[in-house]
Amino acid sequence: MRMIKTFGLLCLIACPAVITQHALAQGASEAPHAQVADLMTKALKDYPGKEGKMILVTYPPGSVDPVHRHDANAFVYVLEGSIVMALNGGKEVTIGPGQTFYEGPEDVHTVGRNASRTQPAKFVVFLLKDQNKPVLTPVH
């Protein structure tokens, strides 16, 4: 009987930790995805095979991007909220409304996320890229 009580007590202590750990692991993999809206795409006659593309990205609260690259020159301008960015495993920077960020064609975007878990963030990205390349390529 004493062994059953001890086991029951251990379950009461351990179960919340296991449930919390499971919920955190699930939450990280189920973070809300960024919403991307195409604003404009224009072939550049002076640069054959290249195009300019503008997109509007909305990060819901808690949104996190996968590690990726753009194979483009990417110019970011934050409209609202704050976002955290880092390239090639470097130092994270937090930028807010009116601030900018640049990614080159060789950069790997190792951190991209909403700085807030309660407020959305919006930013415009202008990409100068090859016409046959995707906007985003995941890096594994």
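- Taking 4.5 Å as the limit, some side-chain heavy atom of L87 sits within range of a side-chain heavy atom of H109.
- Residue P97 comes nearest to E80 through the heavy atom pair CG-CA, 4.0 Å, listed as atom of the first residue, atom of the second, then distance.
- Checked by atom type and distance alone, the side chain of H70 pairs as donor or acceptor with a backbone atom of V135 at under 3.5 Å.
- Cluster annotation: L39 is connected to L79 through the hydrophobic network of ILVMFWY side chains, with a link wherever side-chain heavy atoms come within less than 4.5 Å.
- Between G96 and S82 the shortest heavy-atom distance is CA-OG, 4.0 Å.
- Note: L127 CG to E103 CD = 8.5 Å, rounded to the nearest 0.5 Å.
- Note: the hydrophobic cluster containing Y47 also contains L128 (ILVMFWY, side chain heavy atoms under 4.5 Å, direct or indirect links).
- Separating the OH atom in Y102 from the CE atom in M85 is a distance of 14.5 Å, to the nearest 0.5 Å.
- By the rule that hydrophobic residues join a cluster once side-chain heavy atoms approach within less than 4.5 Å of another member, V78 and F101 end up as members of one cluster.
- Shown here for G89 and T110, the closest heavy-atom pair between the two residues is N-OG1, 3.1 Å.
- Cluster membership for V93 and V67, using ILVMFWY side-chain heavy atoms within less than 4.5 angstrom, is not shared.
- V84 is not connected to V76 by any chain of hydrophobic side-chain contacts under 4.5 Å among Ile, Leu, Val, Met, Phe, Trp and Tyr, and they are in different clusters.
- Note that CD of E106 and CG of N73 are 10.0 Å apart. Values are rounded to the nearest 0.5 Å.
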Would you tabulate the side-chain donor-acceptor contacts of residues 50-65 under 3.5 Å, counting partners in other chains and residues two or more places apart, or write 'none'?
residue, atom, partner, partner atom, Å
K50, NZ, D130, OD1, 2.7
E51, OE2, K129, NZ, 2.7
K53, NZ, D38, OD1, 2.9
K53, NZ, D38, OD2, 3.2
K53, NZ, T41, OG1, 2.8
Y59, OH, D65, OD2, 2.5
S63, OG, P32, O, 3.0

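- For residues 118-128, the side chain to side chain donor-acceptor pair (under 3.5 Å) pairs, not counting sequence neighbours, are S116-T118.
- The closest donor-acceptor contact from the side chain of N88 to the backbone of V108 lies under 3.5 Å.
- A donor-acceptor pair under 3.5 Å is absent between the side-chain atoms of H33 and the main chain of Q35, judged by distance alone.
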